[in-house]
Amino acid sequence: MRAAPRIVQVALPCPLHTLFDYLSPDSASAPPVGARVRVPFGARKTLVGVVASQAAASALPPQRLKRVVATLDQDPLWSATLFDLLCWAADYYHHPLGEVLATALPAWLRQGRPARLSGFAFWALNATGQGNDPAVLVRAPAQRRVFTALRAAPDGLSETDLQAISPNWRAALRALQRRGWIVKEERDVFAQPSPVSRPAPPLTPAQAAAVSAIGAHANKYQGFLLHGVTGSGKTEVYLAAIDAVLARGGQALVLVPEIGLTPQLVERFRERFAVSIAVLHSGLTDGERLAAWLAARDGRAAVVLGTRSAVFTPFKRLGLMVVDEEHDGSYKQQEGFRYSARDVAVMRAARESIPVVLGSATPSLESLKNARDGAYQLLELPDRTGGAGMPDVALIDLRQHAVDDGLTHPLRMAIADCLARGEQSLLFLNRRGFAPAWMCHDCGWVANCERCDARLTYHQRRKLLICHHCGHEEPTVTTCPQCADGAPKALGEGTERIEQAIARLFPKVRIARLDRDATRAKGALEETLRRVRAGEADILIGTQMLSKGHDFPNVTLVGVINADQGLYSGDFRAEEKLMQQILQVAGRAGRADKLGRVLLQTWHPDHPLFAALRRHDFNGFADYLLSERSSASYPPYVHLALLRAESPRAGAAVAFLAHAHRLAASPAGVELMDPVPAPMERRQGRWRAQLLVQAEHRKPLHAFLDRWVQALAASKEAKRVRWSLDVDPIDLY
Ligand code: ADP
Ligand code: ZN
Ligand code: ZN
């Protein structure tokens, strides 16, 4: 018999770019790669880590090696394919493997709990509890609320349900448990899927062609770009393609943007499939999350719907991945482990030898280029289903029309017409709050955030000036602190102001506002969406939250209050993002059998973006953008990485990046720009700077980044600032 390897190299959840050597717990068996172990770390602490490799010997002297305290898993947590993908992601994003693995694990597994759980926890009243009167709980309101809810639910309630009842639900449960009134049981929610309640419609020829193209690649890697205008039936294509996978006994993963995981979408999946579906949403408790993770891994959950981090869900027989609204910025994590879930999904599909479908009405230029280069197969759905035509797009020239509270006369007239017809309108302005500035008109003073290079936004309902970058809040000043004479006022408009203006213009209309402020309360988003769909609102006002895949069949007018927002911001993606946003919002209009109308208020009616929008010519505008990107050497024609640094001391971030620049020493095939202050130089009291790295080819770029990050991590300068590397950055600030 071969001797077991003596040393295990463990990835630990800490920001160090290294593995840690430990002695195997005993000489007979070493924990396998991909298993969790508990190891001593520092003087008193232990940490839960994952075995990344085994070795016969360590570079450390034997007396410095500590021994694994406990092996937490007898078998690897992941398949070899998925574990390799996680290692690849750590390499590609130059992020410590231990933190990458931590991202991929449910909290309970990160904490070292056993990887066993057959279902969700449910709570119910027992016989003792049933006989009680909630009046005895008069001094314990949370207990009383939980008790009353449980009494009304003979089948018990899950922890997700209970969370909605009181913020103190857990303490209340414990107290009721001490009284001996309630019982907890673990229920396998994945055991009994509900039957199909809505059969599939016959597919259109374009949908059928897409589904059969995907089906032709069972058990083979192929990337597909499903480009279909809003309402063209992309979701039906996903459903049909998944159906075929399920029929073969496979599982499917569907990724949606953060806000796209609506009850409406989940319902569509539940109605269609008689299989169990796991939905990974942010409201799950840690226990429920682990149960869903295990159900996917064991093959009990056949379909998983989730946002970004669901891309790391383990599966037993994964057969298809779908990335809906693939252009959406929320697929990219913007802090810590800065991965792109869309790109990881494509890489995962290649490793698992399965097809991946990237769907969008407004694909990213990256994906379009991949399709044009032949790396992805392009599937197009050019027409809306149900005979709905494309909305008519018209411009309102702000140079010729005065605005009052953000609204021009033609837009106000169009809203009035729409109301008269009993139809809904939607007003889009990607700015929450009442006004983006609070300004003295006598001397020009503007209220700025004391911790950021940013203006404070005026929130009228809360009577506060709020920084949208750091959350800083302060009361409004009514006399100018600069000239002591003027009375500062709100300048410009946000959604709150539009809401107020509409309420004044049309006193009887029912308004629904959809932005982060209006939907902060749990369930508020769902309730607003329900009201709009049920026809209980006439005018819907909102930010980019509106643009995310919602279906508002009775909306026939879309007004874009400021179609130029961000256009001249200096961000090379500004035009792409604006095109996507406007098309997505415009796509909400006239989805049923009613023709829609889109009005864009703009100062720049001659911009090629608007000509393209009027012709519904996404491809033409994408061609124009791609040629601009190509001649300016921007992605997707070059690859970027951004080294960021920040410090509370002025100058420290730039000094660190200058040091990083010197360390780099002109690498071949890679170009380093000079360190520059970030476009928003100060944020949350920290001075920020950045250094852009670009390369025509990925290989030299990653070879360089590898060496560079190692060298930076080892340098003493790196300890003086907070720094991070962003591979394939989306936002360059
Ligand atoms: P997308 O995802 O592209 O926005 P959906 O799949 O949501 O489009 O389809 C838009 C609407 O058209 C939905 O109400 C859907 O039920 C309906 N639909 C889609 N495909 C068909 C079809 N082949 N026959 C009838 N109705 C369809
Ligand atoms: Zn003043
Ligand atoms: Zn701030």
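All residue numbers in this chain count up from 1 along the given sequence. Both counts, for ligands and for their atoms, begin at 1 and track the order of listing.
- The closest approach between a heavy atom of Pro202 and any atom of ligand 1 is below 4.0 Å.
- Under the 3.5 Å distance criterion, the side-chain polar atoms of Ser367 are left unmatched by any main-chain donor or acceptor of Ser364.
- The shortest N/O to N/O separation between Gly228 and ligand 1 does not fall below 3.5 Å.
- Side-chain polar atoms of Asn430 and Thr543 form no donor-acceptor pair below 3.5 angstrom.
- When heavy-atom distances to ligand 1 are checked against a 4.0 Å cut-off, Ala361 has no atom that comes that close, whether in backbone or side chain.
- The shortest N or O to N or O distance between Thr235 and ligand 1 is under 3.5 Å.
- Distance alone, capped at 3.5 Å, is enough to place a donor-acceptor pair between the Arg497 side chain and the Gly492 backbone.
- Counting only protein N, O or S atoms closer than 2.8 Å to the Zn ion (ligand 2) gives 4.
- Panel detail: the Zn ion (ligand 3) has protein N, O or S atoms under 2.8 Å away, 4 in number.
- Within the 4.0 Å heavy-atom criterion, the part of Pro201 lying near ligand 1 is the side chain and not the backbone.
- Ion pairing between Asp623 and Arg372 holds under the 4.0 Å rule for side-chain N and carboxylate O.
- Taking Phe618 as the reference, His227 meet the ring-ring contact (aromatic ring centres under 6.0 Å, His included) condition, with sequence neighbours excluded.
- With hydrogens and angles left out, the side-chain atoms of Ser724 and Arg338 include a donor and acceptor closer than 3.5 Å.
- When Arg268, Lys234, Gln264, Glu236 are ranked by how near their heavy atoms come to atom 7 (O) of ligand 1, first place goes to Arg268.
- Checked for salt-bridge contact, Glu646 and Arg683 miss the test: no charged N lies under 4.0 Å from a carboxylate O.
- Each ring-ring contact (aromatic ring centres under 6.0 Å, His included) pair with one or both residues in residues 454-498, not counting sequence neighbours, appears once here: Phe434-Tyr458, Trp438-Tyr458, His459-His468.
- Only the side chain of Gln207 comes within 4.0 Å of ligand 1, judged by heavy-atom distances.
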